[in-house]
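Here's the structure we're looking at; comments come further down.
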2 protein chains.
Amino acid sequence: MRAHGSRHPLGYALSNRYSVPMPTPTSDAPAARPTGPVTLQQVAERAGVSSATASRALHGSSGTRIVGEELRKRVLDAARELRYVSNAPAQALARSTTSVVGVVVHDVADPYFAAIAAGAMGVAREHGLLVMLAATFRDPELELDYLARLRAQRARAVVLAGSGFADREFTRRLAAEVDAYRADGGHVIAVGSHGIAADTVRPANRAGAALAVRHLYDLGHRRFGIVSGPRALTTVRDRLDGARRQLRSLGLPLTPSQVVDGGFTREQARTAARTLLTGPSAPTALVVLNDVMAAGVLAALREDLGLRVPDQVSVVGFDDVPFAADLNPPLTTIRLPLADIGTQAMHMILTGPTVTPRTVDVDAELIPRSSTAPAPAPAPTP
Amino acid sequence: MRAHGSRHPLGYALSNRYSVPMPTPTSDAPAARPTGPVTLQQVAERAGVSSATASRALHGSSGTRIVGEELRKRVLDAARELRYVSNAPAQALARSTTSVVGVVVHDVADPYFAAIAAGAMGVAREHGLLVMLAATFRDPELELDYLARLRAQRARAVVLAGSGFADREFTRRLAAEVDAYRADGGHVIAVGSHGIAADTVRPANRAGAALAVRHLYDLGHRRFGIVSGPRALTTVRDRLDGARRQLRSLGLPLTPSQVVDGGFTREQARTAARTLLTGPSAPTALVVLNDVMAAGVLAALREDLGLRVPDQVSVVGFDDVPFAADLNPPLTTIRLPLADIGTQAMHMILTGPTVTPRTVDVDAELIPRSSTAPAPAPAPTP
DNA sequence: ACGGAGCGGGAAAGCGCTTTCCCGTAAGCT
DNA sequence: AGCTTACGGGAAAGCGCTTTCCCGCTCCGT
């Protein structure tokens, strides 16, 4: 099998240490894998060619250089026999480029991010990219950290899928890190507003929230309540702002007591909802700033408060995560094409960075289901 | 990104130290970043030390070598000023080890995998590991592919979180790839049975399914239906087998017509449920092999078939994904501590590979909710 | 017959780190 | 003093690739 057992691998491989001619002990074990990962050099030796040729044969690229039919086959065979896979770090170092992209989310377990990530990963697969997924668990500090680590990895691009944080100082630091990354040849894509100049995929958060309000208003609701999220998140700000503006333009300006923070989690939202629904003029219409919280709100209404949805209270969610239609009752919500967001971000990576940042807008759409209905008969006002 | 032609052939040796007193041109541009990524060399120059010292100062490790207080500070300052992050691929090459671990799942958007991934990522974060997430979309071929790519990346370990495939030939190839990976110093952790010898986290799929059956039996149900998944998945086989054995030992052996394939997706399961519930002696008890499908089944029952759950039909799911409690009605299900599974797998990575494969068992638990109730009065049997 | 032009292959220079030697200096002993 | 140890620092050898040169061929046109 080994046609070149007698080759004398002088020069390169041995040049460093062994000046004394020695019998190259490894060379007669047929397909026995030597210790440690197989190197290109070993493949080359087995094929009886130089490592340069082996490299060219295996990665055809390198300019227009073509390896002869015969040699190419020998190399390919040798590689297969040895189960050779090239050392990606070494390759990255030599080429000074990698095929990994980073995706930074708040939490993979959150269906919103899971869906976006899934969209991104689909595209990554199609294009042979590897995805490094980083979850910040909503800690801005970690976001910065991961960005630096991704820069260290020489990730070709990173998608900042989590919401931005509305914090002056943080934004400054983020921008600095992003600049550094870009200066190194990296490409940053933001989902939503992060306060940085970068290619961005911008979901219609404001318009979506306005849609939700409008829908409820058209159903006759006049008493609104909002289950918000952490105000520091730009996504929250945008959605809240969209709702607020729409309400104001409808002549129903929002007061602080109408808004509670549901922490973007089911449990907190459930608690928050109880607060909101307590008191004399409790709202009949709830705009919940994401579906995960809406699930909590629905639970609160049904189990804690004993209020019927949509008969007594209407609620609309946001995002249209997969389970929205399975809630009780099926949730009217503002759909964001989540997988698309991931896909779009990925496509921006594929087309590479441009001189001026691009923005692709992603529309929101109202998906009416059974959690909304006409407002109940008005309370007995004399 | 790469400055070639202009390099002095002896660049390295010369530029290293200024034997000739020279004004070190870079040092007076305070934070002006040179072109391309900053290198250790540049940091060293700015700090006026050798790259060896710079390396030691930045990564303290290297044996017991300690860098003097003074120099260390100079290096750290220089690094900060230049926003230096070390080139991970280069580092990986030199150290021949990385801090990335791979996690291979079927689909991130599936809450089952999302939860496992989240658990794993939490641990990864605590230990400074970077996670490469690969989604196979249930294509075995891709699983092999990713494993090879992860090997190429010199990922320190990989977690095979997706279900195994019960296919002789595939298993053989997987084993070969895993062996190659291990021979290269990698560490493989499997979740569930993959037919390979590796550390594994083993969820109680059989026992869980038995639990589900038993629960329904105890409620008086005698006519069972099972919404299964693709038979090729070992997870499906195990769960199905668990249910089947339990039924048999209860004197109710399963016939082929009692089992339908719900494809592990909501939509397919919805369709499958319609089939199952059609016919003379339709089941009153449904065991659905995962919660995602259960959502579809519930929808079918409620919207397509007009059957009340649990009054007319009881259903129990599997996994207890986060939204299970929010379904209509809240789903009785077999809980698997998903995040734990991810955590455990990660911990096995941290403790490193052992001579003989370890197994950690993960228990399943019945979570009774409102989708199950005593069997309806038996059909009029004379 | 002869001087390119092309082509296919190999030698070797890097890529940016880590780590092994090696070395000068300052302590620590006798 | 003389000698051994540490100790802290630098030079340089690699790590496993890619890619630039360079070189020997064969093939052509004239």
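Sequence lines set the chain letters: A, B, ... in the order given, protein chains first and strands last, and positions in each chain run from 1.
A:S55 meets the side-chain contact (heavy atoms from CB on, under 4.5 Å) test with A:L40; sequence neighbours excluded.
A salt bridge is defined here as a Lys NZ or Arg NE, NH1 or NH2 lying under 4.0 Å from an Asp or Glu carboxylate O, and B:D179 with B:R182 meets this definition. For B:K73 and B:E69, the salt-bridge test fails: no basic side-chain N is under 4.0 Å from an acidic carboxylate O.
Residue B:Q91 places none of its side-chain N or O atoms closer than 4.0 Å to OP1 or OP2 of C:dG16. Between A:Y84 and D:dG16, a side-chain N or O to OP1/OP2 separation shorter than 4.0 Å is absent. Dashed line: the shortest gap from a side-chain N or O of B:T53 to OP1 or OP2 of D:dG10 is under 4.0 Å. Phosphate proximity of D:dC15 to B:S96: absent, as no side-chain N or O sits under 4.0 Å from OP1 or OP2. OP1 and OP2 of C:dC17 both lie 4.0 Å or more from every side-chain N or O belonging to B:Q41.
Residues A:G68 and B:L40 each lie close to DNA chain C; by heavy-atom proximity, the contact nearer the 5' end of the strand is made by A:G68. Each of A:S86 and B:E69 lies near DNA chain D, and the nucleotide nearest B:E69 is the one positioned closer to the 5' end. Nearest-nucleotide positions on DNA chain D for A:T39 and B:L71 put B:L71 closer to the 5' end. Of the two residues near DNA chain C, B:P89 and B:A52, the one whose nearest nucleotide lies more 5' is B:P89.
Side chain of A:V49, nearest nucleotide from C:dG16, C:dG10, D:dG10: C:dG10. Distance from the side chain of A:L93 is smallest for C:dC15 among the nucleotides D:dA11, D:dC21, C:dC15. For B:R56, counting side-chain heavy atoms from C-beta on, the closest listed nucleotide (D:dG10, C:dG16, D:dC17) is D:dG10. In the set C:dC17, C:dT18, D:dC17, the nucleotide with an atom closest to the side chain of A:A90 is D:dC17.
Remark: A:L93 CG to A:T98 OG1 distance equals 12.0 Å, nearest 0.5 Å.
Spacing between atom CG of B:D184 and atom C1' of D:dG16 amounts to 13 Å, rounded to whole angstrom units. With rounding to whole Å, A:L58 atom CG is found 13 Å from D:dT19 atom P. The distance between atom CG of A:N87 and atom C1' of D:dG14, rounded to the nearest whole Å, is 13 Å. Computed from coordinates, the A:R95 CZ to C:dG16 P distance equals 16 Å when rounded to whole Å.
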Name the atoms and distances for all side-chain donor-acceptor pairs under 3.5 Å in residues 342-353 of chain A, with sequence neighbours left out.
| residue | atom | partner | partner atom | Å |
| --- | --- | --- | --- | --- |
| A:T343 | OG1 | A:A339 | O | 2.7 |
| A:T351 | OG1 | A:H347 | O | 3.4 |
| A:T351 | OG1 | A:M348 | O | 3.1 |
| A:T351 | OG1 | A:R358 | NH1 | 2.8 |

